[in-house]
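Chain letters run A, B, ... following the sequence lines, proteins first and then strands; every chain starts at 1.
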Protein chains: 2
Amino acid sequence: MPRSHSTHHHPPHADDAEPFTLEGLTESLRSKGLRMTGNRRAILQVLLQAEEPLGLEQIQSEAVRYARGGETPDFATVFRMMALLEELKLARKVNLGRASSFFELADSRHHRDHLVCTDCGTVTPLEESCPVETLERQIARKHGYTQVTHSLEFFGRCGDCSTGSPS
Amino acid sequence: MPRSHSTHHHPPHADDAEPFTLEGLTESLRSKGLRMTGNRRAILQVLLQAEEPLGLEQIQSEAVRYARGGETPDFATVFRMMALLEELKLARKVNLGRASSFFELADSRHHRDHLVCTDCGTVTPLEESCPVETLERQIARKHGYTQVTHSLEFFGRCGDCSTGSPS
DNA sequence: CCTTCAATTGCAAACGATTTGCTACAAAGC
DNA sequence: GCTTTGTAGCAAATCGTTTGCAATTGAAGG
Ligand SMILES: [Mn+2]
Ligand SMILES: [Mn+2]
Ligand SMILES: [Zn+2]
Ligand SMILES: [Zn+2]
């Protein structure tokens, strides 16, 4: 069994109450036999900092800040890392109505519902507390599902995009 | 001016109270200078029948039932039709966490929130009345947006997929 | 009916985003 | 340090989506 440096002995699970940290996430990966690398640490730090969902390219380019030597991880590396985090339920793909995918960490610190302008693409994370969180449990029980999460996005035209073209 | 066979004289708008009908949708297109064709009629009938969001291929293959001669419309035709309906706010793209897109008509008869099994892909339209419909107006006002719609999906593992593999 | 003209269609090619195979590299345990 | 095995980079393959273009067809008018 792996010895643990951490003070607490409960590895962060997808729906843990406490916020994700670099240490906790590292331990989550380690416990699965996965390795912590410079690339992964950089990517996780980008995600931990993020105030809104990020695309793969954004993650890649912002990772430079956290990588020694200022080298960007390969795009495929970012892709595989996000696929991995998604698989482990540590990150979620967010639907912003765009062609490419956007991601956010799967904890309550990072989960937001969003308002997206269908015209200019502006993404506004909603401050209001998530209105359907309590529904998750009800739906899970009623339909016999486990590990229920959700995706809630609002789409519309922002003020700037409305002025001018009446549509 | 076009003479009308319909008994009522108000063309259905995206958020009309009454359900979409083949006649109403036809009139919506006509009023924009667009034409009603066999392909389009078949596609609309497929959508009107649908009990859950459909992919382009499903729409294409089911359209056979409604087309004279049993010919399927070209995939590009289905694609363009759905892009058109989306543009006119008569249909919506639904996020089912899949690679390809799914669509539903944009009226209350067809709008559902969904529960999707991330494992086997089963889609369950939720019967509960939509919990965020009233929020749309509040959000629209608060952020100065117009034409606000939403997309709400729950993801999890269904009972069948849970038995056997512990996670 | 017949004509006219723009809207629509099918087909195939182009695109962009995602995904994968493979080899060299490097983290972690011994 | 040495070994094991997960990871990274690169390039090619894949997949869903989107578009150009010539032929077809809806529908308005004669
Ligand atoms: Mn939410
Ligand atoms: Mn809804
Ligand atoms: Zn806008
Ligand atoms: Zn399932």
What's the [atom1]-[atom2] distance between [X] and [N], to the nearest Å?
| X | N | atom1 | atom2 | value |
| --- | --- | --- | --- | --- |
| B/Leu29 | D/dT25 | CG | P | 20 Å |
| B/Leu84 | D/dT18 | CG | P | 14 Å |
| B/Gln60 | C/dT9 | CD | P | 13 Å |
| A/Arg98 | C/dT18 | CZ | C1' | 17 Å |
| B/Glu57 | D/dT18 | CD | C1' | 15 Å |
| A/Phe103 | C/dA17 | CZ | C1' | 11 Å |

Do B/Leu90 and B/Ile59 sit in one hydrophobic cluster, given that two such residues count as connected whenever their side-chain heavy atoms are within less than 4.5 Å of each other, even indirectly?
yes

- Do A/Glu128 and B/Lys142 sit within salt-bridge range, that is, some charged N less than 4.0 Å from a carboxylate O? yes

Sorted by number, residues from residues 33-52 of chain A placing a heavy atom under 4.0 Å from DNA chain D are A/Gly33, A/Leu34, A/Arg35, A/Thr37, A/Asn39, A/Arg40

Within residues 67-81 of chain A, the residues having a heavy atom closer than 4.0 Å to DNA chain D are A/Pro73, A/Asp74, A/Ala76, A/Thr77, A/Arg80

Review point. Distance only, no hydrogens: is a donor on one side chain within 3.5 Å (strictly under) of an acceptor on the other, for B/Glu136 and B/Thr134?
Key: no

Quiz item: So, do A/Thr124 and B/Tyr145 sit near enough that their side-chain heavy atoms are less than 4.5 Å apart?
Solution: yes

- Task: Report the C-alpha distance between A/His110 and A/Glu104 in whole Å, list the side-chain angles of each, state the deciding distance to 0.1 Å, and finish with yes or no for side chain to side chain donor-acceptor pair (under 3.5 Å).
- Result: CA-CA 6 Å; A/His110 290 90; A/Glu104 67 182 10; over 6 Å; no

Nearest heavy-atom approach of A/Leu96 to A/Pro53 is CD1-CB, 4.4 Å

For A/Met36 and A/Leu44 the tightest heavy-atom approach is CE-CD1, 4.0 Å

Over all strands shown, is B/Arg30 touching base, sugar-phosphate only, or nothing at heavy-atom distances under 4.0 angstrom? sugar-phosphate

**Q.** Plane angle bin for B/His111 and B/His150 - parallel if under 30°, tilted between 30 and 60°, otherwise perpendicular
**A.** perpendicular

